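Working notes, beginning with the structure itself.
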Amino acid sequence: MTSPPSHRPVEGHPADGPVAAAIGLLAKQGFDATSVEELAEASGMSRSTFFRRFGSKEDVVFADHEQILHQVNERLAGSRLGPLAAVADAALLVFDHHLRNPQTSRARYGLLQAVPALRDRELVTSHRYERAFLHYLNDKLPRNDRREYKAVAFAAAVVAVHNAFLREWLRAAPGAGDTTAGDRERATALAAELQALAETFRPALLGSPADAAAPAQPSPTVVVTVFPGPADKDAIAQAVRDALP
């Protein structure tokens with residue numbers, strides 16, 4: 001088995017502060033009860049600037065996902081890992097983003113539980129990560145029509161495993177004191193699960209080393225013998241023997 005992907009955390013983005021402030025206010029006051037003007041003020045910008053940067057209340061809830069999706073695509077484009085390990089590494093980058101922004105991620109999770117329209121938007125967001133992984137796999141994996149659907153399955157499975165770990169973390173009440181060690185353990189456990197998933201899909205997507213080492217079977221030799229007239233069995237057998245290599 002290959003070693004687990006060693007993901008590199010990404011630095012904070014300049015928009016993280018305004019997004020965190022807006023999501024925090026929405027979680028505190030309620031989605032419908034909070035005006036765009038209040039969100040703009042909490043984010044430290046004018047109403048017009050808020051609309052220009054985020055577009056709407058719904059958009060600001062998922063604005064950091066736009067940033068992290070861009071970073072995912074950059075990470076994949078620059079990765080020197082194998083295709084399956086690179087996708088696992090990119091998924092760990094997303095998880096790391098949430099671990100570095102626990103208040104914002106948990107506040108958004110509370111909003112999603114309270115506002116059905118936001119839950120629908122979350123499904124669309126998750127699907128965008130899945131598409132990014134699939135696009136990368138289709139570009140990097142050997143060309144094979146039968147593998148295309150297995151790549152779809154692997155991309156979806158990576159997102160599903162990531163989201164399962166993320167939901168478990170979001171639902172866990174923050175403990176007292178430093179949670180860094182616990183978060184590190186969760187990230188390590190996720191890395192191990194993604195590695196196991198990659199190993200499960202590896203034979204279907206990349207083939208096994210045993211398959212590559214197997215000797216090629218010789219092609220059968222076909223001999224066609226044509227006689228101008230009737231021929232006995234001995235003559236036919238001799239003609240075949242003469243034609244064989």
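Everything numeric here is computed off the predicted structure, so don't read it as measured data. Below, each value reflects all heavy atoms present in this structure, side chains not excepted, and no hydrogens, waters or symmetry copies.
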message = With a 4.5 Å cut-off on side-chain heavy atoms, are E58 and L118 touching?
response = yes
task = Rounded to the nearest 0.5 Å, what's the gap from CZ on R53 to OG on S48? Could you check?
result = 11.5 Å
message = Could you check, using the six-membered ring where one of them is a Trp, whether Y129 and H162 have ring centers closer than 6.0 angstrom?
response = no
task = Give a yes or no on whether the backbone of M45 and the side-chain of T49 come within a donor-acceptor separation of less than 3.5 Å.
result = no
request  = Report the residues that fulfil ring-ring contact (aromatic ring centres under 6.0 Å, His included) with F50, sequence neighbours left out, ordered by chain and then residue number.
outcome  = F54
message = Checking the side chain of R75 only, and the main-chain atoms of L93 only, is there a donor and an acceptor separated by less than 3.5 Å?
response = no
query = Is there a donor-acceptor pair under 3.5 Å between the side chain of S79 and the backbone N or O of L81?
reply = yes
inquiry  = The criterion is side chain to side chain contact (heavy atoms under 4.5 Å, CB included); which residues satisfy it with P142, sequence neighbours excluded?
reply    = R147, L206
query = How many angstroms lie between CZ in R52 and OG in S46, if you round to the nearest 0.5 Å?
reply = 6.0 Å
note = All heavy atoms of P83 vs all of Y136, minimum pair found to be O-CE2, 3.7 Å
query = Which ILVMFWY residues are connected to V152, directly or by a chain of links, through side-chain heavy atoms under 4.5 Å apart?
reply = L134
ask   = Do L99 and R184 come close enough that some side-chain heavy atom pair is under 4.5 Å?
value = no
request  = Check whether any side-chain N or O of N101 sits under 3.5 Å from a backbone N or O of H97 as a donor-acceptor pair, and report yes or no.
outcome  = yes
request  = In plain terms, say whether K28 and E38 are close enough for a salt bridge, that is, a side-chain N and a carboxylate O under 4.0 Å apart.
outcome  = no
query = How many angstroms lie between CD1 in I68 and NE2 in H65, if you round to the nearest 0.5 Å?
reply = 9.0 Å
remark   = Closest non-hydrogen atoms of A63 and V19, given as atom of the first, atom of the second and distance, are CB-CG2, 3.7 Å
message = I'd like to know if E199 and R202 make a salt bridge, using a cut-off of under 4.0 Å between side-chain N and carboxylate O.
response = yes
inquiry  = As an exercise, state the distance from CD1 of I23 to CZ of R106, rounded to the nearest 0.5 Å.
reply    = 14.0 Å
key: Parallel, tilted or perpendicular: ring planes of F165 versus F95, cut at 30 and 60 degrees   = perpendicular
query = Could K57 and F31 be counted as a cation-pi pair, given that NZ or CZ must be under 6.0 Å from the ring centre and within 45° of the axis?
reply = yes
task = Given side chain to side chain donor-acceptor pair (under 3.5 Å), test H70 with E66 step by step and report yes or no.
result = CA-CA 6 Å; H70 177 72; E66 295 295 331; over 6 Å; no
query = Between A86 and L76, which heavy-atom pair has the shortest distance, and what is it?
reply = O-CD2, 3.5 Å
ask   = Where do A91 and L194 come nearest, in terms of heavy atoms and distance?
value = CB-CD1, 3.9 Å
ask   = Is there side-chain contact between L166 and L170, with heavy atoms separated by less than 4.5 Å?
value = yes
key: Beyond-backbone contact of L84 with V158, side-chain heavy atoms, under 4.5 angstrom   = no
note = Output for pair (L141 CG, F154 CZ), nearest 0.5 Å, gives 9.0 Å
task = Test side chain to side chain contact (heavy atoms under 4.5 Å, CB included) on V72 and F133 and set out the steps.
result = CA-CA 9 Å; V72 160; F133 294 157; 3.9 Å; yes
task = Quick one: closest heavy-atom pair of S43 and A22, and the distance?
result = OG-CB, 3.7 Å
message = Would you compute the distance between atom CD of E74 and atom CG of L69 and round it to the nearest 0.5 angstrom?
response = 11.0 Å
request  = May I ask you to test the Q113-Y109 pair for a side-chain heavy-atom distance under 4.5 Å?
outcome  = yes
inquiry  = Tell me whether R119 contacts the main-chain N or O of L112 through its side chain, where contact means a donor paired with an acceptor under 3.5 Å.
reply    = yes
Nearest non-hydrogen partners of N138 and A151, listed with the distance = OD1-CB, 4.1 Å
request  = In plain terms, say whether R121 and D59 are close enough for a salt bridge, that is, a side-chain N and a carboxylate O under 4.0 Å apart.
outcome  = yes
